[in-house]
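Worksheet: the structure to be examined is printed underneath.
Proteins come first, then strands; the chains are lettered A, B, ... in the order of their sequence lines, and each starts at number 1.
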2 protein chains.
Amino acid sequence: MAQEGTSDGTVGKALDVLDMVAQANRPVRFAELLAQHTFPKATLYRFLQTLTNQGMLRYDDERGTYALGVRLVRLAHSAWAQSSLAPIARRHLDALSAETNHTIHLAQMDHGQVLYVDKRNAAQPVEMYSSAGKVGPAYCTGVGKAMLAFMPEAAVRAAIERQSFHRFTDKTLNSAPRLMDELHLIKSRGYAFDNEEHEPGIICCAAPIISGSGRVLGAVSMTSTTSRSTLDELGKLAPRLKETAARIAAEAESWGFPEQI
Amino acid sequence: MAQEGTSDGTVGKALDVLDMVAQANRPVRFAELLAQHTFPKATLYRFLQTLTNQGMLRYDDERGTYALGVRLVRLAHSAWAQSSLAPIARRHLDALSAETNHTIHLAQMDHGQVLYVDKRNAAQPVEMYSSAGKVGPAYCTGVGKAMLAFMPEAAVRAAIERQSFHRFTDKTLNSAPRLMDELHLIKSRGYAFDNEEHEPGIICCAAPIISGSGRVLGAVSMTSTTSRSTLDELGKLAPRLKETAARIAAEAESWGFPEQI
DNA sequence: CCCTTTGGTTCCATTAAGTGAAACTTAGTC
DNA sequence: GACTAAGTTTCACTTAATGGAACCAAAGGG
């Protein structure tokens with residue numbers, strides 16, 4: 001998808017290769033990667049070697065495939081702890097989840113996409129990582145819209161540029177103008193709804209987490225299904241949701257959380 | 001800790017810098033990093049710039065600190081899904097956890113250290129990432145010893161070289177010879193115990209996950225406390241533990257799981 | 001208030017490293 | 001056994017990394 005623009009230097013290119021393997025979501029062969037990239041054979045080959053040496057990739061001798069390496073998992077543990085809202089938000093999410101009995105998501109913005117960093121599933125035990133680290137579109141998720149609505153105009157424009165506006169359901173807001181209208185509405189209301197815009201039957205209500213200086217740090221959402229709840233019912237819980245967001249923001253502040261770009 | 005030996009090329013050095021930030025476990029200032037490395041100022045500076053541009057690091061303007069970036073979390077999601085045993089092992093861990101009511105860990109070997117990739121906590125809900133991605137010493141954990149005991153001799157020697165043999169408790173096996181003896185015992189027994197060697201009051205029983213071709217893929221463990229269980233009691237469950245390990249191995253095989261180095 | 005120190009950023013000639021076309025080596029195929 | 005596709009290595013060429021030193025800014029101290 002995103003070809004990361006003009007990458008800076010060798011390191012940038014290597015990381016592009018890493019992303020490419022990640023996006024495949026399965027072990028990939030050399031030739032597949034070669035086909036996707038503009039890199040000449042030898043160059044790509046060396047990058048793969050280097051990354052494998054470094055433990056960022058793993059090479060399967062028998063199959064001749066590359067997959068992401070475990071070193072990334074280790075790094076990510078630190079990244080998650082250092083640089084996501086999750087550790088700060090944990091107890092607030094726990095509380096909200098227990099009270100409302102809805103599925104709770106915590107998300108942040110990453111290069112115009114929604115990055116889920118934590119999750120609470122009221123019904124059954126949490127499936128680890130199945131959610132944290134996952135990315136989703138910004139324009140048709142509650143958390144995405146909640147964040148966009150409160151971001152500075154320039155950032156929103158930049159983010160919208162990056163959207164592909166795929167029509168997931170017939171309720172998806174699949175154009176920039178429609179999205180902008182919605183964002184204004186959200187800003188005045190203070191929170192966002194997702195009315196089956198991403199997945200049929202799935203609705204949610206999301207509130208942005210905003211720092212004292214007015215910057216968007218992330219968003220929290222409550223998700224339900226049309227069979228279990230209505231948007232109105234979720235809306236009734238919005239004050240509680242906003243309260244949670246506010247508490248997280250306050251704690252992030254005092255904890256010195258670095259603001260997102 | 002581990003200075004990763006002679007890094008290959010620019011990319012390797014950049015990744016070293018990344019690791020350095022990760023190991024700090026908190027936002028770090030430029031000067032701190034400079035002190036730890038042999039890199040000249042300008043070089044380190046450029047690396048930090050590049051990594052920040054790439055979203056691997058995040059720079060906090062106000063504090064002048066660097067922290068790991070969210071791009072890592074995204075990458076790790078893929079890494080975990082592609083390249084750890086966790087997705088394969090999930091249902092087996094669920095079953096074992098439900099049956100035994102003990103805390104279950106799933107771990108793999110990464111550069112001579114134990115990398116926990118999944119966890120089941122019988123008592124309270126799983127704390128996400130608090131465990132997955134965490135690393136621990138190989139020489140004084142059940143999973144670590146279980147894996148070492150069944151690894152080829154050369155690999156074990158290499159791994160032991162990397163151990164620092166810190167004495168966590170008075171039961172820690174804090175020397176290579178003592179560890180080697182224990183490994184032989186474990187190999188003949190088929191599974192490992194951790195008798196409060198890492199943390200006082202914490203005991204565990206661990207079995208290696210071994211592929212059809214005899215290579216160590218990872219390990220599973222059941223953990224308990226001395227106040228709740230004895231080693232003997234855990235030992236009684238060892239057959240069930242080994243069965244779980246075997247099932248995971250079998251599934252990894254049919255699924256084409258790439259073998260660890 | 002100026003001078004010094006510390007921490008961070010930029011410059012630029014030097015040098016090392018990345019590059020990529022092409023040659024080569026397998027491993028399959030027909 | 002010749003042919004093809006996939007992967008690996010080579011090497012002259014070119015670009016990018018290097019790092020000493022200069023520079024800047026802010027904090028501290030006399």
Between A/A42 and A/V11, just flag the one whose closest nucleotide in DNA chain D comes earlier from the 5' side.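 Closest to the 5' end, via its nearest nucleotide, is A/A42.
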If you assign each of B/P40 and A/E32 to its closest nucleotide in DNA chain D, which residue comes earlier from the 5' end?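 Looking at DNA chain D, the more 5' nearest nucleotide goes with A/E32.
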Kindly say whether the aromatic ring centers of B/F30 and B/Y66 come within a distance under 6.0 Å.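 Here the rings of B/Y66 and B/F30 have centres that are no less than 6.0 Å from each other.
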For atom [atom1] of [X] and atom [atom2] of [N], their distance in whole Å:
X	N	atom1	atom2	answer
A/Q49	C/dT19	CD	P	14 Å
B/L34	C/dT6	CG	C1'	12 Å
A/L44	C/dT19	CG	P	11 Å
A/R29	C/dG28	CZ	C1'	12 Å
B/F47	C/dG8	CZ	C1'	18 Å
A/K41	C/dG18	NZ	C1'	19 Å

Heavy atoms only, 4.0 Å cut-off, all strands: where does A/T10 land among base, sugar-phosphate and nothing?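 Answer is sugar-phosphate: A/T10 comes under 4.0 Å of backbone atoms only.
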With heavy atoms under 4.0 Å as the rule, sort A/A31 into base, sugar-phosphate or nothing.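 Sugar-phosphate, backbone atoms only, no base.
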Test: [X] and [Y] ion pair at under 4.0 Å:
X	Y	result
A/D110	B/R74	yes
B/R157	B/E153	yes
A/R26	A/E32	yes
A/R90	A/E251	no

First contact, last contact: which nucleotides of DNA chain D are these for chain A, 5' to 3', heavy-atom distance under 4.0 Å?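 The contacted stretch runs from D/dA6 to D/dA17.
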Under 4.0 Å: is that the gap between some side-chain N or O of A/R46 and OP1 or OP2 of C/dG18?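 Looking at the OP1 and OP2 atoms of C/dG18, neither is under 4.0 Å from any side-chain N or O of A/R46.
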For B/Y45 and C/dG8, is the shortest distance between a side-chain N/O and OP1 or OP2 below 4.0 Å?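 For C/dG8, neither OP1 nor OP2 has a side-chain N or O of B/Y45 closer than 4.0 Å.
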Worked check of side chain to side chain contact (heavy atoms under 4.5 Å, CB included) between A/F150 and A/L183: CA-CA 8 Å; A/F150 290 85; A/L183 294 184; over 6 Å; no
Students often mix this up, so state it plainly: with edges at 30° and 60°, are the rings of B/F168 and B/H166 parallel, tilted or perpendicular?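 Aromatic pair B/F168/B/H166 classed perpendicular.
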